[in-house]
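Step one of this worksheet: look at the structure below.
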There are 2 protein chains.
Amino acid sequence: MRESETGEIRGLTIFADMDDAAFARLCRAAYVQTFPPQVELFAEGEPSDFLHILVAGQVELCAHWNGRETVMEIVRPVSSFILAATIRDAPFLMSARTVEKSRLILLPSQDVRNVFDTDGAFARALVRELAGCYRGVVKSSKNLKLRNGIERLANYLIRQQDLAGGAPSFVLPVEKRKIAALLGMTPENFSRALRLLGEYGVTNDGMTITIADRKSLVRLAKPVRMIDDPEI
Amino acid sequence: MRESETGEIRGLTIFADMDDAAFARLCRAAYVQTFPPQVELFAEGEPSDFLHILVAGQVELCAHWNGRETVMEIVRPVSSFILAATIRDAPFLMSARTVEKSRLILLPSQDVRNVFDTDGAFARALVRELAGCYRGVVKSSKNLKLRNGIERLANYLIRQQDLAGGAPSFVLPVEKRKIAALLGMTPENFSRALRLLGEYGVTNDGMTITIADRKSLVRLAKPVRMIDDPEI
DNA sequence: GGACGAGCTTGATATAAATCAAGCGGTTCC
DNA sequence: GGAACCGCTTGATTTATATCAAGCTCGTCC
């Protein structure tokens with residue numbers, strides 16, 4: 001991997017505190033790869049041979065059981081994913097598929113574990129990262145168990161508006177059907193729920209959402225820090 | 001804290017590899033406390049001043065939103081809980097309440113963070129522990145999103161039978177209403193689902209469950225490693 | 001331009017789950 | 001012993017969600 005490429009991930013919080021030598025050991029056998037849209041990167045149950053870092057594009061993590069499929073998470077750059085499987089040398093719990101053309105850096109899991117075993121700074125950074133990941137999933141689980149479909153959608157839209165900079169109009173990051181699965185609902189119900197949010201000032205044209213009356217939407221969504229604040 | 005008491009937790013995987021001096025620093029200001037049933041140990045949103053370790057009894061972790069409540073996890077001894085909040089010095093995402101009379105060891109979060117900052121072995125053990133916790137929540141989330149109520153209950157019973165040693169009859173660990181909430185269903189639906197499982201050889205008398213035909217139940221439940229195996 | 005396909009929407013319907021309302025069966029406490 | 005309570009169960013009903021079946025819209029491709 002060339003230096004220009006390692007630079008793209010050097011700033012990630014999990015690498016920030018480690019010294020250059022350790023980082024170099026991590027990147028020695030790493031490689032960069034660009035994938036077209038809709039490519040399966042790996043499947044649930046496979047051994048986790050590489051720690052994946054998404055540099056550009058978008059990747060969805062999904063899960064399957066008994067012929068059913070759901071979306072667990074949508075990964076946006078720059079961030080690592082499936083860190084826990086790498087650390088535990090355990091099979092993937094989720095499958096990964098590119099949503100659009102994506103560039104990834106792949107670090108051999110064995111190298112990640114070796115550096116983690118010898119570099120204290122890296123180990124500590126991983127603790128903080130994994131603690132954050134854990135809390136992220138707990139929040140998502142609370143969201144699923146405590147809210148119904150419309151409430152989840154309302155909160156999702158508020159969050160997306162913030163991510164997009166807060167303007168009244170913004171574009172959904174992925175297909176509606178994927179967002180529906182992420183929120184634990186069918187595409188049909190997603191569509192109906194979105195129309196019901198018209199009562200709260202939400203309109204949509206294709207992938208563009210406009211929130212005319214955010215206060216009204218917030219009154220319905222009732223976002224709270226212990227579910228909706230990604231920083232906590 | 002007396003040595004007889006620190007011994008109860010010394011064997012936990014998060015402490016196993018650290019040297020005695022570091023462990024002693026962790027335990028210096030720790031204390032042991034016994035709580036009666038139904039006591040709230042802490043509430044969602046409060047600062048995480050102590051890492052909690054359950055030595056005996058049972059504790060439920062629950063979450064609230066907009067007047068609704070759900071059970072996120074039932075902790076059994078000996079295990080730590082809310083490790084992620086301690087590490088990140090962040091507020092609790094869940095509330096904790098004793099289910100029965102319980103004995104806990106409380107380690108000041110600041111001490112945990114200090115030792116973690118200086119002891120590499122402890123940091124590495126925490127990484128593995130948190131990676132395991134993360135994967136646990138992911139599995140639980142897959143269970144919620146991919147299965148309906150009866151399927152979740154069927155898998156829960158199979159798991160409990162295994163935990164109880166595999167005998168056909170076993171006793172549920174907590175009130176049915178709490179199990180219902182854990183599984184994301186109402187007590188009424190839990191009751192009905194349990195009765196429907198009669199078709200698959202499941203009978204119950206009070207808190208005692210008997211699985212007469214495990215194969216039949218497994219055919220319905222379809223447990224898979226990537227959701228139901230706690231070791232992976 | 002027109003045919004096709006994919007994703008989205010909509011309506012009708014079926015199923016799952018929640019809610020409401022009793023009643024049952026223990027236990028606790030006078 | 002009996003009253004009161006609590007958790008569980010059951011049935012009736014409502015609501016939420018999923019499924020099925022079209023149709024629509026907007027691209028792409030010939």
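Letters A, B, ... mirror the listed sequences (proteins, then strands); counts begin at 1. Excluded from the calculations below are hydrogen atoms, water molecules and symmetry mates; all remaining heavy atoms, backbone and side chain alike, are included.
Chain B approaches DNA chain D over the interval D:dG7 to D:dA12, counting the first and last nucleotide 5' to 3' with an atom under 4.0 Å from its heavy atoms.
Ring planes of B:Phe92 and B:Phe42: parallel class, angle under 30° (limits at 30 and 60°).
In this structure, the side chains of B:Val32 and B:Glu8 stay at 4.5 Å or more apart for every pair of heavy atoms. When side chains are defined from C-beta on, B:Glu151 counts as touching A:Trp65, because their heavy atoms get closer than 4.5 Å.
Spacing between atom CE of B:Met207 and atom C1' of C:dG26 amounts to 13 Å, rounded to whole angstrom units. Residue A:Phe190 contributes atom CZ, which lies 15 Å from atom P of C:dG7 at whole-angstrom precision. Atom P of nucleotide C:dA17 and atom CZ of B:Arg147 are separated by 14 Å, given to the nearest angstrom. When rounded to the nearest whole Å, the span between CG of B:Leu153 and C1' of C:dA17 equals 14 Å.
Within the 3.5 Å criterion, the main-chain N or O of A:Cys62 finds no donor-acceptor partner in the side chain of A:His64. Under a 3.5 Å cut-off, the side chain of B:Lys176 and the backbone N or O of B:Pro187 do not form any donor-acceptor pair. Judged by distance alone, with hydrogens and angles left aside, the side-chain atoms of B:Thr208 form no donor-acceptor pair with the main-chain N or O of B:Gly206 at under 3.5 Å.
B:Gly149 comes within contact range of the sugar-phosphate backbone alone, with a heavy-atom separation under 4.0 Å but no base atom that close. Within 4.0 Å of A:Asn148, counting heavy atoms only, lie sugar-phosphate atoms of the nucleic acid but no base atom. When heavy atoms are screened at a 4.0 angstrom cut-off, B:Arg192 is found touching base atoms of the nucleic acid.
Heavy atoms from other residues, nucleotides or ligands lying under 6.0 Å from NZ of A:Lys222 number more than 12. For CZ of B:Arg10, the number of neighbouring non-hydrogen atoms (other residues, nucleotides, ligands) closer than 6.0 Å is greater than 12.
Listed pair A:Arg195 / C:dG11 meets the phosphate criterion, a side-chain N or O lying under 4.0 Å from OP1 or OP2. Taking side-chain N and O atoms only, A:Asn204 has a distance below 4.0 Å to OP1 or OP2 of C:dT9.
Using five terminal pairs a side, the axes of the helix from C:dG1-D:dC30 to C:dC30-D:dG1 at its two ends make an angle of 30°, given in steps of 10 degrees.
A heavy-atom distance below 4.0 Å to DNA chain C is reached by these residues of residues 170-188 of chain A, ordered by number: A:Glu175, A:Lys176, A:Arg177, A:Glu188.
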side-chain contact (heavy atoms from CB on, under 4.5 Å) assessment of A:Met226 paired with B:Leu93: CA-CA 6 Å; A:Met226 295 299 118; B:Leu93 292 179; 3.9 Å; yes
